[in-house]
Protein chains: 2
Amino acid sequence: MKKTKDNLRSHCPVNYGLEAFGDRWALLILRDIVFRGKHSYGEFLRSEEGFSTNILASRLDHLVETGILRREEHETDGRKESYWLTEKGLDLIPVLFEMILWSAKYDSQSEAKRIMRLVELIRDDNRSISQKVMEQVKRGEAIVAEYLS
Amino acid sequence: MKKTKDNLRSHCPVNYGLEAFGDRWALLILRDIVFRGKHSYGEFLRSEEGFSTNILASRLDHLVETGILRREEHETDGRKESYWLTEKGLDLIPVLFEMILWSAKYDSQSEAKRIMRLVELIRDDNRSISQKVMEQVKRGEAIVAEYLS
DNA sequence: ATTTTCACTTGCAAAATGCAAGTGAAAAGC
DNA sequence: GCTTTTCACTTGCATTTTGCAAGTGAAAAT
C-alpha cells in the first residue's frame, strides 16, 4: 500500500503504535526488560518463546530506530552491548500492563495468576503503579520477583 | 519454535495478547468498529491503511476464532455478514485507549490531535471512559464524531 | 432477466520469518 | 601469549506470510 513520506501507512494513533511495536516480538523484549531485568542480546535470546537470532537482531534495530530502546556499550565487557528503555519506551509500560490485565481475565491458564498482587494494583490504578515501575526499571531493577506470590 | 498443546508459544500474559491481536491489522479492525461504527467486510476494506482482501478475510476469521469478534447475518441484506465485538473484544478498548495516549504523546503529526477531549479523558481516567464507550459500542454507536473538536 | 453489489477465494510474486551454520572481536583459561 | 570460549551478531537458504489482481457465486437492485 501507499505510505506517507515518513513511511507510515497513516497517522492514526492506533496505526502509529502498530507500526512501532505491533508485531509478535517487540513487546516480549519490553517484558523481558521490565519484568526480568534483561538488557543484552544473549539474555533476550534465552526467552521461552524462542527468538531466532536474525529476527531478534532486526527487532532490536527497529526499536532503537523508533526511539523505544537505547543501545549502550557494556561498562566492563567490550563484547556486550546493552539495551535500555528510553522515556518513549518506559511510557509503553501502561500499555503493557493493560494488556496483562486483559490476558489475565481471558486466559484461564495465564501465568498472570502468579502475580495477582500486581494485576490487582493495575486494575485499581494503572497510572500510579506504572509510574512506580517506570522508576524501578530506569534504575535497572527487575520487578517480577517482588510480586510473585 | 515448539508450542504448548493449545498452540501458544507460552501462557505469559503478554504473549497471550500478542497471539490474539498482535499483528499489523487486528487493532485497526477494532478501531474501525469502535470509532467509526463499521461492521461489515466492505466497510473495513475501505480503511485508509488499505487491507488486501484475503488478509482482511483471514484476520476476521482469526478474531472470530479467538472470541474477540462475533459474526452475524445482516438483518435485511442476505449477502452481508456483520461483525460485532464480544465482551472479550470490548475489554480491549482500554488497551486501545492506552495505545492512543502513547501515540498522541510521541507522534507529532498524530491525528489524535483532532480528538484531544477524548485523549484527556483517557489520561484522566481510562477505566471510566472505557466503560462508557463500551456501552456505546455495544449499542452499535460510532464514537469519533462526538469528540471531534 | 440482466446488471451490480457484496463477501469472499484463488493464484502467483514478493517480503518476512525461521533455522543452521558461520564470523570476527573481546574475554577467560592455561 | 596462545588457545579456547563467549558474545553479538551475519549469511544463506527453505518455509511461511503478505500483498496484488483477477476471479466466483449468491443475493439485491434495476
Side-chain angles (χ1 to χ4, degrees), chain A residues 1-4 7-10 15 18-29 32-33 36-66 69-84, chain B residues 1-4 7-10 15 18-29 32-33 36-66 69-84:
Chain A
M1 73 152 301
K2 53 203 165 199
K3 296 189 175 176
T4 56
N7 222 37
L8 290 172
R9 297 179 298 185
S10 78
N15 186 57
L18 289 175
E19 305 234 11
F21 57 82
D23 62 65
R24 281 181 138 40
W25 299 108
L27 291 180
L28 292 179
I29 295 174
D32 282 351
I33 296 175
R36 301 169 191 176
K38 296 184 181 180
H39 290 282
S40 71
Y41 180 88
E43 289 171 319
F44 298 133
L45 253 199
R46 277 174 237 121
S47 299
E48 62 172 332
E49 288 87 3
F51 287 95
S52 41
T53 56
N54 52 348
I55 300 299
L56 176 57
S58 79
R59 289 306 125 202
L60 287 171
D61 282 350
H62 181 242
L63 290 171
V64 170
E65 271 171 34
T66 57
L69 295 182
R70 168 170 37 92
R71 206 186 317 251
E72 268 185 18
E73 305 233 323
H74 194 278
E75 319 147 319
T76 56
D77 188 336
R79 291 166 305 180
K80 289 191 180 179
E81 308 224 54
S82 45
Y83 295 88
W84 296 81
Chain B
M1 71 150 304
K2 53 206 164 187
K3 296 187 176 179
T4 57
N7 221 38
L8 290 171
R9 296 180 297 185
S10 79
N15 186 58
L18 290 176
E19 305 234 12
F21 57 81
D23 62 64
R24 284 187 135 39
W25 300 106
L27 291 180
L28 293 180
I29 295 174
D32 282 351
I33 296 175
R36 299 167 192 177
K38 296 185 181 180
H39 291 281
S40 71
Y41 180 89
E43 289 171 321
F44 299 133
L45 253 198
R46 277 174 237 120
S47 298
E48 63 172 328
E49 288 87 2
F51 286 93
S52 41
T53 57
N54 52 348
I55 300 299
L56 176 56
S58 77
R59 290 306 126 202
L60 287 170
D61 282 350
H62 182 243
L63 290 171
V64 169
E65 271 170 36
T66 57
L69 295 181
R70 167 169 40 89
R71 205 186 317 251
E72 270 184 18
E73 303 232 324
H74 195 276
E75 320 147 317
T76 56
D77 189 336
R79 292 166 306 181
K80 288 190 179 177
E81 306 223 57
S82 44
Y83 294 88
W84 295 81

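Chain identifiers are assigned alphabetically (A, B, ...) following the order of the sequence lines, protein sequences preceding nucleic acid strands; residue numbering begins at 1 within each chain.
- Shown here are the side-chain hydrogen bond (donor to acceptor under 3.5 Å, both in side chains) partners of Glu81(B), two or more places apart in sequence or in another chain: there are none.
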Hey, mind stepping through Phe44(A) and Leu60(A) against side-chain contact (heavy atoms from CB on, under 4.5 Å) and telling me if it holds? CA-CA 10 Å; Phe44(A) 298 133; Leu60(A) 287 171; 4.0 Å; yes

What pairs of nitrogen or oxygen atoms, one from the protein and one from nucleotides 8-13 of chain D, lie under 3.5 Å apart?
unit_1, atom_1, unit_2, atom_2, d
dA8(D), OP2, Gly42(A), N, 2.8
dC9(D), OP2, Tyr83(A), OH, 2.7
dT10(D), O4, Thr53(A), OG1, 2.8

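- Residues Tyr83(A) and Val64(A) have side chains in contact (heavy-atom distance under 4.5 Å, counting atoms from C-beta outward).
- The CD-C1' distance, from Glu19(B) to dT17(C), rounds to 15 Å in whole Å.
- At its two ends the helix from dA1(C)-dT30(D) to dC30(C)-dG1(D) runs along axes set 20° apart, each axis drawn from five pairs and the angle rounded to 10°.
- Spacing between atom CG of Leu18(A) and atom C1' of dT18(D) amounts to 16 Å, rounded to whole angstrom units.
- Phosphate contact (OP1/OP2 of dG18(C), side-chain N/O of Trp25(A), threshold under 4.0 Å): present.
- Comparing Arg24(A) and Thr76(A) by the nucleotide of DNA chain C that holds the closest heavy atom to each, the one mapping nearer the 5' end is Arg24(A).
- Going from atom CD1 of Ile55(A) over to atom C1' of dA15(C) covers 11 Å, rounded to whole Å.
- With sequence neighbours left out, the side chain to side chain contact (heavy atoms under 4.5 Å, CB included) criterion links Lys80(B) to His74(B), Asp77(B).
- Residues forming a side chain to side chain contact (heavy atoms under 4.5 Å, CB included) with Ser40(A) (at least two apart in sequence, or on another chain): Glu43(A).
- One interatomic measurement links the two molecules: CG of Asp77(A) to P of dT5(D), which rounds to 17 Å at whole-angstrom precision.
- Spacing between atom CD of Glu49(B) and atom P of dC20(D) amounts to 13 Å, rounded to whole angstrom units.
- Here dG19(D) presents its C1' atom at 12 Å from CZ of Arg9(A), a figure rounded to the nearest Å.
- Not counting sequence neighbours, Ser58(A) has no partner by the side-chain hydrogen bond (donor to acceptor under 3.5 Å, both in side chains) test.
- In terms of the side-chain hydrogen bond (donor to acceptor under 3.5 Å, both in side chains) criterion, Arg36(A) has no residue partners (sequence neighbours excluded).
- Counting any heavy atom pair closer than 4.0 Å across all strands shown, Ser82(B) reaches no nucleic acid atom.
- Annotation: side chain to side chain contact (heavy atoms under 4.5 Å, CB included) contacts of Leu45(B) (sequence neighbours excluded): Tyr41(B), Phe51(B), Thr53(B), Leu56(B).
- In this structure, Arg59(A) places its CZ atom 12 Å from C1' of dG18(C), rounding to the nearest Å.
- Taking the ring pair (Phe, Tyr, Trp, His ring centres under 6.0 Å) definition, one finds that His39(B) meets it with Trp84(B), sequence neighbours left out.
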